[in-house]
Amino acid sequence: IRFCQECNNMLYPKEDKENKVLLYACRNCDFRQLADTSCIYVNRIMHEVNEISNIVTDVVQDPTMPRSEDHPCPRCRHRESVFFQSDTKKAAAEMRLYYVCTNPTCNHRWT
């Protein structure tokens, strides 16, 4: 945020179309200031997707998926689960396995 040197009000971005430059102009007086850069605002969105929520529980119906009885479901204690490795770069680097409970009333997902 920039402020006017004459009246201390906020300066707003304004385009000088003749000279093709960006200015900061006061709306109360005639003060104008040349902008240091042409960038007014940057919105950086850092979004990390929860991979577990993206797992489709229909994988338990796939007969080609590997199954395990060594990792019971932490929610319902059903013994059988389907497991697989994610194809995302982050999960592949960690060699993380994802499990889905085969109990049709549960379908819990975990790592």
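Side chains included, hydrogens not; waters and symmetry mates left out as well; all remaining heavy atoms used.
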Would you compute the distance between atom SG of C101 and atom CH2 of W110 and round it to the nearest 0.5 angstrom? 5.5 Å
How far does SG of C106 sit from CZ of R77, to the nearest 0.5 angstrom? 10.5 Å
So which atom in N8 and which in F3 form the shortest heavy-atom distance, rounded to 0.1 Å? O-CD2, 3.8 Å
For H78, the ring-ring contact (aromatic ring centres under 6.0 Å, His included) test, sequence neighbours excluded, returns none
Mind checking side-chain hydrogen bond (donor to acceptor under 3.5 Å, both in side chains) for Y24 and listing every partner two or more places apart, or none if nothing turns up? none
ILVMFWY cluster, Y12 and L23 together (side-chain gap under 4.5 Å): no
When rounded to the nearest 0.5 angstrom, what distance separates CZ in R79 from SG in C76? 12.0 Å
OG of S81 to CG of N107, rounded to nearest 0.5 Å, is 12.0 Å
Honestly curious: do M65 and V60 fall in one hydrophobic cluster under the side-chain, below-4.5 Å linking rule? yes
Are L97 and V100 co-members of a hydrophobic cluster defined by side-chain heavy atoms under 4.5 Å apart? no
Listed partners of N103 passing side-chain hydrogen bond (donor to acceptor under 3.5 Å, both in side chains), at least two apart: T105
Correct closest heavy-atom pair for N28 and C7 would be CB-SG, 4.3 Å
Pairs touching residues 9-37 that satisfy salt bridge (Lys or Arg N to Asp or Glu O under 4.0 Å), sequence neighbours left out: R2-D36
CZ (F84) and OH (Y98) are apart, to the nearest 0.5 Å, by 8.0 Å
Taking C-beta and beyond as the side chain, do H108 and P74 meet within less than 4.5 Å on heavy atoms? yes
Spacing of CZ belonging to F31 relative to CG belonging to N9, to within rounding of 0.5 Å: 12.0 Å
Could you work out, with side-chain hydrogen bond (donor to acceptor under 3.5 Å, both in side chains) as the rule, every residue matching D58, not counting sequence neighbours? none
Set out, in order, the CA-CA distance, both residues' side-chain angles and the distance that settles side chain to side chain contact (heavy atoms under 4.5 Å, CB included) for V82 and D62, then state yes or no. CA-CA 9 Å; V82 171; D62 187 348; over 6 Å; no
Do any pairs count as a salt bridge (Lys or Arg N to Asp or Glu O under 4.0 Å) and have a residue in residues 66-75, sequence neighbours left out, and if so which ones? none
